Every structure is written in C-alpha cells, then in structure tokens.
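Right, one structure below, let's go through it.
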2 protein chains.
Amino acid sequence: MVEEALTAERILEAAEEVLRRFGPAKATVVDVARALGVSHGSVYRHFPSKTALRDAVAERWLARVSKPLAEVAAEKGPAPERLRRWLDLLIELKRKKARDDPELFATYRELVADARDVVRVHVETLASQIAQILADGVEQGAFTIEDPVAAGWAVFHATTKFHKPSHASEWSDPGIDAAFEGVWSLLLGGLGAREAPAKTRKKPAKK
Amino acid sequence: MVEEALTAERILEAAEEVLRRFGPAKATVVDVARALGVSHGSVYRHFPSKTALRDAVAERWLARVSKPLAEVAAEKGPAPERLRRWLDLLIELKRKKARDDPELFATYRELVADARDVVRVHVETLASQIAQILADGVEQGAFTIEDPVAAGWAVFHATTKFHKPSHASEWSDPGIDAAFEGVWSLLLGGLGAREAPAKTRKKPAKK
DNA sequence: GCGATGACAAAAGTCAACATCTGTCAGTCC
DNA sequence: GGACTGACAGATGTTGACTTTTGTCATCGC
C-alpha cells in the first residue's frame, strides 16, 4: 500500500505514455497495467472499457488546446484583434503539434476520430469562445452582427481548413498563410468590423 | 477489325463500369480488358499504368462537377445571386452523389485521393470560376473587393466544409444548411455586397 | 508493319492457422 | 471487506504460404 494508490489520474498518465511510445494500434490495456505495475484487471476498476480509457486520454489532449484559448477569449481588449489572436493561437497550436511530432499527432488524430462525443463537446466549447469574443465586439461597437452565436459557428466553419486535423497535410502548403489572410479578410468584413469607438489600431494598410 | 477499334475512350468507359461494379479495391486491369473482350496487354497500349487509367477516370468524374458549374459562372446575371447559385449547385452536386450512391461515392473518393495532380487542376478550375463571378460583381458594382482571384480562393476555402468529400459525413447533420447560411452571410458581407445598381432583389429580410 | 496477344517475373493481396488482447469474475491477500 | 489478481472465453490481430495482379516483351496474325 502507500506506494501511491491506483487512481484514474495515474492510469491516464501511464496510458498517455504508452500511447506515445507504442502508437494507438499497438498500445494495449496490459501495457498500461504493466507500466503501473498492476494487473490489467485493476485498470478495469477505473475505466469500464478500453474505449473509455482512450476517450479520457483524448479529452485531456483536447483540453490542452481549449484551455489556452479560453484565456484569450476571456480577455478584455478590442474584439477584432482578440479574435485574430484567438484564431492564430488555435492554428498555431494545431500546426505545432503536427509539425513537432507527426507520429504523436497521428496517434492523437486516431484517438479523437473514435471519440466523437468528446469532440462534439470540444468543438462546442471552441465555438462558444468565439461567440463570446464576438459578443464583446458587438458591445464595443466593433462588430455589427445580430447573432454572435450563429456568427461564432460561421467563423469556426469557415476556418475549418486551417485548424481541423484532417486538413493537416495542407498546412505545409506554401500558400496556406495567404489563404488564411484571404479568409480572415472576408470574415472581418462580414462581421461588419469597423474601427473601434476610438483607441488602438493594429495593422498598417493592406497591400 | 471493324468491331469498333480499341480507343482510350472505350477503355475509360469500361474502366468506369468495372469500378462501379467491383469497387476500387477489386477492380483489376484484367477485369477491364475482359469487359472489352481484349487482353490486358492491350489496355497497356493506351495507358502506361493502372494508376494513369485510374487518374483518367477520376478526371472524368471531376469534369462532371466542373462543367455544369462553368455554365453558371459564365452567365451574365447579378453576381451575388449567381455566386449563391454556383455554391448551391456545387454543394448539391456533391451531396447528391454522396446520398444517391454512397458506395460509388466512396469509390470516387478513393480514386481522387490518389490523383492529387488531377485534383489540383480541378480545384484551380473551381476557384477561377468563383473569381470570374466575383470580377463580374466588381464590374457591376455589387462587390467591393480589390483582388477577385484572392477572394475567389477565400470563398472556396471558407466553404470547404460544405463541398470537400472528406467532410461528407457531416453533410447529413441537421444543422448543416443553417451552418452554410451563417458562412454565406459572413462571406457576402465580406465581399462588400450591396444592392446591385438597380434590378432584382431576392431574399426577404432575415429573421 | 502494327495492333494485339499471352507467357512470364516481380509485386501485391488473400486467408486460415495461430497468437494476443479484451473484458469478466471467482477467489486471494492485506 | 474492498482493492487487486490471474485464469479464462470470445474477439481481434498477426503471420506466412499461397494466389492474383501488374507491367513487360518476344512473338503472332492480319
């Protein structure tokens, strides 16, 4: 005993490490148990199935994306600039994962592909973070949309290509940043962006 | 002799039929030759490899999408309404294929997935059709964008979710049409759409 | 002479015997 | 007595001998 009790948290950490090392195809519940020095039956006391364990790992991974974004969404500065930073951060987080460790990224993709419910919640979280920024923007007089929630979803959908992992192979295209600028420019216009009441300005004139 | 000469065109037709019946995993060059009553060696007189044959079939399929769209792009009416019809048609063509014969659609997806060059050309064709509509719109005073080509790509990218086959599983979501309306609304705003000089009006006020 | 053939080597795909894994549960151990 | 074990049945994966396919080319027949 003592030896640190077997908790869901410890199992998740071990599971993540095992997935990282063996990949989703080779990682077994027995491997996870072995890494913890217990029998695989014990793992089943904490997770009802291997699928549930994988879902929980996927959830952790997604939280590492949505949490830093939540901070940007909660800030108080000018909404257009904040929306841009939020999108840049989302895209950068995804690209970084894909670039720095493609194998791990592939593991992550397989995992979340099976965790549809977890993904649904994650995506709803992201869309509502955008909606929050947009609502702030309306309040600031920087945006003129009527329905921030609907517009939040629209921004999310319109930028799918730039953040959804199934498009990862396109992220190394040389024109990808220009493509995003084009979409950003249309979206900003569509949100009815205008100079905020007074205050900060950011970019110099374009072109 | 006579008996109709063996042409690339006839081989393509047979190949398409064989793919339709057996699927891309089971369709062989020998099957195609058998359907034509020739030896498989003969097929290789017209196509250097099985891959080239598959690419050619993919190209035909894609042409069946881009040709009807080219007609809409070439029309002369008000650009905003035409852009909307063009997008609706693109989306409808894709959805119809996916809905009416999911197996054939899966075959088509596998084929084009391997035909990257063919797809690149197809996508460039579509983006330039949008650009043409946008340029007309600028001329008509209906759009205020500076660079119709860049904006054409932006419209294409922003609507990826609604026409790219890898998103087909999302097309049966109940909210998909509302999602498109949201994106459309932002895009139209971003293009600087204003009532055309005089003339037609379409939708009643929203909400 | 030229399109077509079919035998062939190398590559790719199949499948059934075998091995491993998941999930359960009666029983152990502290 | 409750956390943990490990033997087990059924499900899932792996392996390697075998079959099929691709792509070539010397030869054929019109």
Side-chain angles (χ1 to χ4, degrees), chain A residues 1-58 103 106-107 109-111 113-118, chain B residues 1-58 103 106-107 109-111 113-118:
Chain A
M1 68 220 73
V2 185
E3 247 339 342
E4 299 216 39
L6 187 60
T7 62
E9 188 60 25
R10 283 187 65 220
I11 293 172
L12 279 177
E13 241 138 59
E16 204 172 316
E17 176 58 18
V18 166
L19 281 163
R20 191 187 302 273
R21 292 177 52 178
F22 300 146
K26 288 289 180 185
T28 72
V29 176
V30 173
D31 291 329
V32 175
R34 186 163 33 230
L36 291 160
V38 300
S39 79
H40 76 282
S42 299
V43 172
Y44 282 97
R45 305 212 122 258
H46 296 268
F47 293 92
S49 67
K50 188 185 189 185
T51 301
L53 178 54
R54 289 168 56 123
D55 284 2
V57 171
E103 270 190 54
T107 294
R109 277 180 61 178
E110 269 189 65
L111 236 57
D114 296 337
R116 305 175 118 285
D117 285 358
V118 171
Chain B
M1 70 225 75
V2 186
E3 257 322 356
E4 299 215 37
L6 187 60
T7 62
E9 187 61 23
R10 284 187 63 221
I11 293 173
L12 279 177
E13 241 136 60
E16 204 171 318
E17 176 59 18
V18 167
L19 279 163
R20 191 186 303 273
R21 292 177 51 178
F22 301 148
K26 288 288 182 187
T28 71
V29 176
V30 172
D31 290 331
V32 175
R34 186 164 33 231
L36 290 160
V38 300
S39 77
H40 78 283
S42 299
V43 172
Y44 281 97
R45 303 211 125 258
H46 296 268
F47 293 91
S49 66
K50 188 186 189 184
T51 300
L53 178 54
R54 289 168 56 123
D55 284 2
V57 172
E103 270 191 53
T107 294
R109 275 180 63 178
E110 269 189 65
L111 236 57
D114 296 337
R116 304 176 119 284
D117 285 358
V118 171

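The structure presented is a predicted model; accordingly, all values stated were derived computationally and were not measured. In what follows, every chain begins at residue 1, and chains take the letters A, B, ... in the order their sequences are listed.
One atom, CG of Asp114(B), and another, P of dA12(C), lie 14 Å apart when rounded to the nearest Å.
Taking the charged nitrogens against the carboxylate oxygens, Glu17(B) and Arg20(B) do have a contact shorter than 4.0 Å, which makes a salt bridge.
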- Item | side-chain contact (heavy atoms from CB on, under 4.5 Å) between Phe47(B) and Leu12(B), worked out | CA-CA 10 Å; Phe47(B) 293 91; Leu12(B) 279 177; 3.9 Å; yes

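For Glu110(A), the side chain to side chain donor-acceptor pair (under 3.5 Å) test picks out no residue, with sequence neighbours left out. Not counting sequence neighbours, the partners of Glu9(B) by the side chain to side chain donor-acceptor pair (under 3.5 Å) test are Arg60(B).
Among residue pairs with one or both ends in residues 35-55 of chain A, those qualifying as salt bridge (Lys or Arg N to Asp or Glu O under 4.0 Å) are Arg54(A)-Asp114(A); sequence neighbours excluded.
Residues of residues 21-36 of chain A that place a heavy atom closer than 4.0 Å to DNA chain C, in numerical order, are Thr28(A), Val29(A), Val30(A). Within residues 38-55 of chain A, the residues having any heavy atom under 4.0 Å from DNA chain C are, by residue number, His40(A), Tyr44(A), Ser49(A), Lys50(A).
Remark: Thr107(A) OG1 to Arg21(A) CZ distance equals 13.5 Å, nearest 0.5 Å.
The shortest distance between side-chain heavy atoms of Thr28(A) and Phe22(A) does not fall below 4.5 Å.
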For residues 32-43 of chain A, dump all side-chain donor-acceptor pairs below 3.5 Å to protein atoms at least two apart in sequence or in another chain.
residue	atom	partner	partner atom	Å
Arg34(A)	NH2	Asp31(A)	OD1	2.8
Ser39(A)	OG	Gly41(A)	N	3.4

